[in-house]
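Both ligands and their constituent atoms are indexed starting at 1 by order of listing.
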Amino acid sequence: MEKGLLYPVTNAYREDQKLDGLWDFKFDPASEGEQNGWAKGLADPIEMPVPASFNDFFTDKDAREYTGDFWYLKKVFIPQHFAGKKVELRFGAATHRAVVYVNGQKIRSHEGGFLPFTADVTAAVNLGEENIIAVKINNELHRDALPAGDTVTLKNGKRMVKPFFDFYNYSGLNRSVHLLAIPQGNIYDYSTSYEVSDDQATVHYQVAADSDADIKVSLADEDGVVVAAATGQKGELVVKNPTLWQVRDAYLYTIRIQLVKNDKVLDEYADKIGLRTIEIKGHQILVNHKPIYLKGFGRHEDSIYAGRAFDLNVERRDVNLLKWIGANSFRSSHYPYDEQVYKLADREGILITDEVPAVGFKMAAASFLGGLDQSFFDGDWIDELYKKHIDQVKDMIKRDKNHPSVLAWSLCNEPDTSTESAVPYFTKLFNDSADLDPQKRPRTFTLNEDDTFETSKCLKFPDFYLLNRYPGWYHKWGYEISDGEAGLRAELDEWQNSDIDKPIVFSEYGADTEPGLHKLPSIMWSEEYQIELLEMFNRVFDDYDFIRGEQPWNLADFQTVEGNMRVNGNKKGIFTRDRQPKAAAFYLRKRWNSLPLDY
Ligand SMILES: CCC[C@@H]1NC[C@@H](O)[C@H](O)[C@H]1C(=O)O
């Protein structure tokens, strides 16, 4: 678990230099690099963009599908004026596990390809000189790691991954690398929680700092006017007549934290926060005590060329598509996204269900992926897996806890909850994560086709339910979709007639659709059929008032492993991979723009 995950800033006390651009890159199939001094230089490297996944740049399949160790290396000048500061390297994400070296010295390792980590390199760098930064990354998949899968060795000696999940194993330095200089005595974390009413908001804050200095905290409105101030490691900021953060009507205050000693400011950290509350009450999801209805999507960080890398251009387009279509939410399926995604959602008033990369914890839904022939939670890998799982839950919540856009935490995607062996795992997971979020936001996980009201042994854990259901696609498809609707209604009747008193959000449903394929009457894979399937689900949603959200799968087409059920990736997108609308986008826009926020 990382000590602090504050997003890098430059101010009068801190300096943040992005190390994006071309790095030396080299595969290390024999894992010989560490013993052969690759941390000090790579022989015959290629130039690799950062941030980016390496896979899709290559023209040969061995390189695209490469699995194992690989190295990035960059010579970085570190200025003399960093003297007296703590010098750090912050990696936004290295997928899936990394070892960091400076000038040949191993600094630290990290497991988990979708969350940041920081290396303290103060003792290893030479100021006023070029320094050699090297990172050894490994992208193998294992059953005791997140996301879950296998790595196999082919008869020709090449290794390949066998994901138990349906997205491509894009790998590399997928997010920015930052060179940071911060005060030795510094602020390394803060948290907020809220009480709001129409005429007053109270911000309960807590600050974590490596310093005995006094702590001063202020809150300024969007005009820069200070509206509240306090001192102390923890306290309250009371705002009269606040402007609350609302869904699709965001308002951001600036919280400013200072360390002060003998009237001298030693460190400062400022951030944008939104005054709002999140609650679950009965079948309702409430924001600022008012019910909301979620309209949105499951997504992926996925785009042509850079693979899984965060691309601000793509994110800007995606958020504009969400606004165009009338959405107000999305799930960060199936891993925490780059921090800039949450910052943009904070600004746009979009709600995020933040998901940890606990995916593939079952026989893969689409059998072409292979997967398991036993219950996942009976495996002998579970203890080791759990250590990584809870570690990444802790870091996800630590990193994202102050974003007003974060609505809830999804602790797993489509786990196999149909056997008793899942119960102790989820009992521990929900106990160990209960106090991580000062705002006590709801925690949940998605339940897929095999984990129904009847069959799941884990329905007591989620604070609300995320259902992934695919009648009309993975079963009862085509002309049989009417039976699919009947089956869906039968399951929802069971939920309705039960004593369960929690909201349900449909977090996945959809049909693979080839853009430009038209057929009258419809046929599967046609744009007409995608609309018919959505119409079926919407007919059902409109008949059950405990359904409090609809998030079809997926916002856009995305890359998966090759297989006999994928046509160059998963085509369930409402938009194509280059972010152009299929016919269903216009259908959903019409529906969602006609639904009130609290539908
Ligand atoms: C029946 C499970 C469906 C499955 N759910 C997880 C997503 O990551 C996949 O893309 C989706 C699919 O196969 O389309």
Side-chain angles (χ1 to χ4, degrees), residues 113-114 141 146-149 161-170 296-302 307-308 330-337 353-372 376 410-418 444-452 455-456 465-477 481 484 487-488 491 505-514 524-525 529-530 533-534 537 550-577 582 584:
F114 302 95
L141 297 178
L146 290 72
V161 289
K162 293 271 193 177
F164 296 169
F165 50 85
D166 186 36
F167 54 92
Y168 191 78
N169 190 43
Y170 280 120
F297 299 93
R299 295 178 62 194
H300 267 298
E301 281 187 319
D302 171 284
R308 186 88 48 234
F330 63 85
R331 172 167 59 114
S332 72
S333 36
H334 297 297
Y335 37 79
Y337 292 179
T353 302
D354 206 1
E355 188 161 90
V356 78
V359 58
F361 289 15
K362 75 179 299 166
M363 169 71 171
S367 59
F368 80 101
L369 284 173
L372 293 174
F376 186 85
S410 173
L411 305 185
C412 206
N413 180 71
E414 297 178 346
D416 179 356
T417 65
S418 61
T444 183
F445 54 82
T446 70
L447 290 160
N448 105 333
E449 303 290 348
D450 312 319
D451 301 86
T452 65
T455 60
S456 176
Y465 297 102
L466 295 176
L467 300 190
N468 295 357
R469 292 291 183 273
Y470 285 88
W473 190 255
Y474 285 117
H475 58 93
K476 308 293 184 207
W477 58 63
I481 193 168
L488 185 60
E491 185 194 358
V505 171
F506 271 75
S507 42
E508 283 188 33
Y509 54 100
D512 281 85
T513 302
E514 186 58 27
M524 290 173 78
W525 289 89
Y529 186 76
Q530 189 178 35
L533 182 136
L534 293 173
F537 274 88
E550 50 189 74
Q551 299 182 324
W553 189 254
N554 187 290
L555 171 69
D557 294 344
F558 59 91
Q559 196 65 60
T560 65
V561 293
E562 56 189 327
N564 56 8
M565 290 178 65
R566 290 290 177 262
V567 180
N568 186 22
N570 186 308
K571 292 297 197 308
K572 292 189 181 73
I574 300 299
F575 294 87
T576 59
R577 198 175 184 212
K582 301 176 189 175

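A side-chain donor-acceptor contact under 3.5 Å links Y335 and R308. Side-chain contact annotation: T576 with D557, donor-acceptor N/O pair under 3.5 Å absent. For the residue pair N570/D166, the side-chain donor-acceptor check at 3.5 Å is satisfied. If you check the side chains of R331 and N413, you find a donor sitting under 3.5 Å from an acceptor. Remark: the T417 side chain and the S456 side chain contain an N/O donor-acceptor pair separated by less than 3.5 Å.
Atoms of ligand 1 found under 4.0 Å from any heavy atom of N448, numbered from 1 in the order shown, are 1 (C), 2 (C). Here is the list of ligand 1 atoms found below 4.0 Å of a heavy atom in H334: 6 (C), 7 (C), 8 (O). For ligand 1, the atoms lying closer than 4.0 Å to a non-hydrogen atom of R566 are 12 (C), 13 (O), 14 (O). Counting atoms of ligand 1 from 1 in the listed order, those under 4.0 Å from a heavy atom of K572 are 12 (C), 13 (O), 14 (O). The distance from ligand 1 to the heavy atoms of E508 drops below 4.0 Å at these ligand atoms: 3 (C), 4 (C), 5 (N), 6 (C), 7 (C), 11 (C). Each of the atoms 10 (O) of ligand 1 lies under 4.0 Å from some heavy atom of F558. Counting the atoms of ligand 1 from 1 in the order shown, those under 4.0 Å from a heavy atom of Y470 are 1 (C), 2 (C), 3 (C), 11 (C).
For ligand 1, the polar-atom distance check against N413 finds no nitrogen or oxygen pair separated by under 3.5 Å. Residue contacts with ligand 1: N570 is placed with a nitrogen or oxygen under 3.5 Å of a nitrogen or oxygen of the ligand (distance criterion only). Backbone and side-chain nitrogen or oxygen atoms of H300 are examined, and none is located within less than 3.5 angstrom of a nitrogen or oxygen of ligand 1. Not a single N or O atom of E449, backbone or side chain, sits closer than 3.5 Å to an N or O atom of ligand 1. Residue-to-ligand polar distances keep N468 apart from ligand 1: every N/O pair is separated by 3.5 Å or more.
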*Given side chain to side chain contact (heavy atoms under 4.5 Å, CB included), test F361 with F445 step by step and report yes or no.*
CA-CA 12 Å; F361 289 15; F445 54 82; over 6 Å; no

*Does the pair N568 and Q559 meet the rule for a side-chain hydrogen bond (donor to acceptor under 3.5 Å, both in side chains), with working shown?*
CA-CA 7 Å; N568 186 22; Q559 196 65 60; 3.2 Å; yes

*Quick one: do H300 and H334 satisfy side chain to side chain contact (heavy atoms under 4.5 Å, CB included)? Show the steps, please.*
CA-CA 7 Å; H300 267 298; H334 297 297; 3.9 Å; yes

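Checked for salt-bridge contact, E491 and R469 meet the test: a charged N lies under 4.0 Å from a carboxylate O.
Residue contacts with ligand 1: M565 is excluded, as none of its non-hydrogen atoms falls under 4.0 Å. Not a single heavy atom of W473 sits less than 4.0 Å from an atom of ligand 1.
Taking the side chain as every heavy atom from C-beta outward, Y465 and L447 approach each other to under 4.5 Å.
The number of heavy-atom neighbours closer than 6.0 Å to CH2 of W525, taken from other residues, nucleotides and ligands shown, is above 12.
Looking at F167 against ligand 1, nothing comes within 4.0 Å, counting heavy atoms. Counting heavy atoms under 4.0 Å from ligand 1, residue F165 does not touch it at all. Contacts between K571 and ligand 1, counted as non-hydrogen atom pairs separated by less than 4.0 Å, are absent for every part of the residue.
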